[in-house]
*Asks:* 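Have a look at this one before I ask anything.
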Number of protein chains: 2
Amino acid sequence: MDGVDVVNVDLGDRSYPIYVGTGLLDDGDALRAHVAGSTALVVTNETIAGLGYLDRTVKALTAKDSKLRVETVVLPDGEEHKNLEVLNAVYTRALETRLDRGTTFVALGGGVIGDMTGYAAASYQRGVKFVQIPTTVMAMVDSSVGGKTGVNHALGKNMIGAFYQPECVLIDIDSLKTLPDREFASGIAEVVKYGLIRDGPFFEWLEANVDKLLARDTQAIAYAVERSCVNKAEVVAADEREGGVRATLNLGHTFGHAIETGLGYGEWLHGEAVSAGMCMAADMSLRLGWIDASLKERTIALLNKCKTPIDVPEKMTVQMFMDLMAVDKKAANGKLRLILLKGELGECVFTGDFDQSKLQETLDAYVK
Amino acid sequence: MDGVDVVNVDLGDRSYPIYVGTGLLDDGDALRAHVAGSTALVVTNETIAGLGYLDRTVKALTAKDSKLRVETVVLPDGEEHKNLEVLNAVYTRALETRLDRGTTFVALGGGVIGDMTGYAAASYQRGVKFVQIPTTVMAMVDSSVGGKTGVNHALGKNMIGAFYQPECVLIDIDSLKTLPDREFASGIAEVVKYGLIRDGPFFEWLEANVDKLLARDTQAIAYAVERSCVNKAEVVAADEREGGVRATLNLGHTFGHAIETGLGYGEWLHGEAVSAGMCMAADMSLRLGWIDASLKERTIALLNKCKTPIDVPEKMTVQMFMDLMAVDKKAANGKLRLILLKGELGECVFTGDFDQSKLQETLDAYVK
């Protein structure tokens with residue numbers, strides 16, 4: 001595998017590789033090395049299958065090993081289908097094709113497919129192995145790494161799930177060529193997050209290179225994806241179960257999840273909601289006196305360049321935010337906790353210890 | 001807690017207690033000590049709630065700690081409701097009442113409630129703590145101990161789930177007073193299993209004391225429950241994830257699951273299906289020449305005394321058995337593996353290495 005970079009996710013008692021490169025999807029060796037047993041189930045959605053990626057993956061898996069039996073299941077595309085009912089279709093397919101505990105599930109798609117396949121793997125026969133092949137920026141830089149899996153509930157996003165790590169993550173930058181601009185930009189918003197929470201120089205690199213990224217410069221994309229993976233891997237290694245620092249990866253997510261749930265899943269893309277949420281977090285951080293005005297401005301300016309939302313949708317009310325944020329997973333003993341910027345660029349805190357009136361001010365400022 | 005016996009389940013990196021005694025349900029101290037956080041969700045079914053156990057549990061939890069907020073959810077009773085749809089009602093209740101990651105779920109009921117509540121705990125917000133309060137023999141001696149949690153799929157029993165251990169198991173023998181005879185007997189069949197697979201002297205004790213048990217002698221029941229828990233705890237400690245010896249706890253279960261799924265969940269009780277399945281396993285073991293005829297006869301005689309089935313239901317065909325057993329979780333690389341008796345009373349093997357024609361002979365002999 002020439003030109004492939006490997007980022008290792010080290011969890012102490014085990015570790016797994018993230019491969020970042022081009023041409024990886026058709027390279028059966030990389031994938032096959034992480035598929036145990038004599039069967040595999042490739043899970044994808046209609047869009048990805050329609051673009052030919054499913055056939056290519058099955059071919060890559062079976063080309064050099066005709067004894068491997070590869071089954072497939074194609075789910076509807078979109079966050080609104082990330083629920084128990086659609087998840088059940090994965091179990092059904094696995095049972096219909098008599099896949100036993102030794103099988104490997106392969107997630108081929110964006111964050112929704114990765115989260116659902118990972119959770120299906122965590123729960124099918126109480127756990128089988130799985131591999132991530134993310135095909136969106138969002139999945140490459142965030143959701144495919146770190147083992148958070150699950151589905152949504154009508155009353156809250158990602159409320160049903162498990163921590164369950166993949167055998168490997170296979171990132172083929174080429175697969176972004178078919179990604180629509182809106183989804184591409186949504187993923188870049190999540191990349192910006194790493195700059196804000198822990199990697200100031202990367203934020204500055206993004207300020208200088210965002211145009212190249214949006215113009216789909218392969219080298220720029222590969223750099224941004226890999227640097228995001230390194231950041232994510234470091235955080236996950238330090239705190240797999242989100243007892244502390246891992247929560248900082250959710251900058252903007254508490255506001256963002258409220259928007260996603262409030263609008264109905266699928267209306268806004270995850271990264272779009274997070275983009276607006278990060279602006280709100282920056283705004284609130286400034287009101288608390290924790291950052292300079294310039295950092296809020298730079299955050300908004302960069303996200304605006306990404307063409308992701310910097311305001312909240314008109315449908316959202318203050319009450320909706322308060323109700324939906326109250327069920328956030330980061331709440332503790334009924335108290336809301338948020339990730340907020342504090343200090344220089346690249347510094348943040350995860351805390352429930354803030355002046356509640358500033359949260360109210362931010363909501364009042366953002367809600368139409 | 002006078003007169004309470006404690007069996008410890010030692011899993012190496014952690015352990016938890018099984019309390020066996022009388023009057024435990026109303027003793028808030030024992031329960032409260034294992035409920036972390038400021039909220040709890042008691043999950044039970046209509047039957048158990050109707051018998052007053054839900055109110056008593058809530059009272060025991062709150063009597064000495066008015067700051068603990070206790071929510072409840074009452075599910076329909078029966079194996080046919082052990083599915084994703086009913087499970088979702090638990091998540092909904094938890095979200096409606098805004099229970100956060102620090103909450104504790106309490107399973108109050110039989111095996112279905114225990115398995116579903118445990119799995120809800122394993123997956124709610126990617127994992128919260130839970131406590132088992134089994135109210136049936138089956139749940140006390142088997143399902144509440146060892147961390148196997150999950151729900152059924154239309155195509156197979158317990159096909160969706162997780163290994164997830166409780167904080168403690170609280171067994172109040174008094175709660176069996178309201179258990180119907182049919183369910184009581186079903187649980188005793190599972191007790192017989194421990195004698196067959198690893199505890200010959202216990203099997204002999206059961207042969208001598210089965211009448212006392214069925215007459216609901218409290219001391220006899222307490223002894224049988226505790227000895228079963230000791231056996232289960234030892235097996236689980238040796239092999240939490242069922243890599244080997246734990247599979248032997250499934251004597252009769254591969255046949256039994258096929259019966260349960262084939263009839264439709266809820267038609268036969270789990271222990272009833274296992275009872276018939278153990279007779280089939282003994283029959284097959286004899287045909288293989290692995291046990292003496294007397295052991296098969298003693299097995300059937302003891303289960304017959306328990307008044308649990310020693311034959312398969314008329315609806316079952318050989319083809320149904322073959323199809324349903326093919327998706328058994330213990331299958332590996334498409335090969336069926338069974339727990340069979342081999343040697344003296346109390347000895348068994350878990351193997352896929354047997355003369356297939358003997359399986360066929362057993363099915364032919366048992367299917368009408």
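All figures in this text were calculated on a predicted structure; none of them were measured in a lab.
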*Asks:* Using a strict threshold of under 4.0 Å (side-chain N to carboxylate O), is an ion pair present between A:Glu242 and B:Arg101?
*Replies:* yes
*Asks:* Given heavy-atom pairs under 4.5 angstrom as the criterion, report whether the side chain, backbone, both or neither of B:Tyr119 touches chain A.
*Replies:* side chain
*Asks:* If you count the non-hydrogen atoms of other residues, nucleotides and ligands that lie under 6.0 Å from CD in B:Glu85, is the total more than 12?
*Replies:* no
*Asks:* Determine, stepwise, if the pair B:Ile160 / A:Arg126 fulfils side chain to side chain contact (heavy atoms under 4.5 Å, CB included).
*Replies:* CA-CA 6 Å; B:Ile160 305 165; A:Arg126 298 198 189 93; over 6 Å; no
*Asks:* Working to the nearest 0.5 Å, report the span between CG of B:Leu155 and CZ of A:Arg93.
*Replies:* 11.5 Å
*Asks:* Hey, are the side chains of B:Asn88 and A:His153 touching, using non-hydrogen atoms and a 4.5 Å cut-off?
*Replies:* yes
*Asks:* Among A:Leu99, A:Asn158, A:Thr92, which residue forms the greatest number of heavy-atom pairs with chain B at distances under 4.5 Å?
*Replies:* A:Thr92
*Asks:* Going by an N to O cut-off under 4.0 Å, is there a salt bridge joining A:Arg98 and B:Asp323?
*Replies:* yes
*Asks:* Which one wins on heavy-atom pair count under 4.5 Å against chain B: A:Lys148, A:Arg241, A:Arg69?
*Replies:* A:Lys148
*Asks:* Under a 4.5 Å cut-off applied to non-hydrogen side-chain atoms, are A:Tyr91 and B:Leu84 in contact?
*Replies:* yes
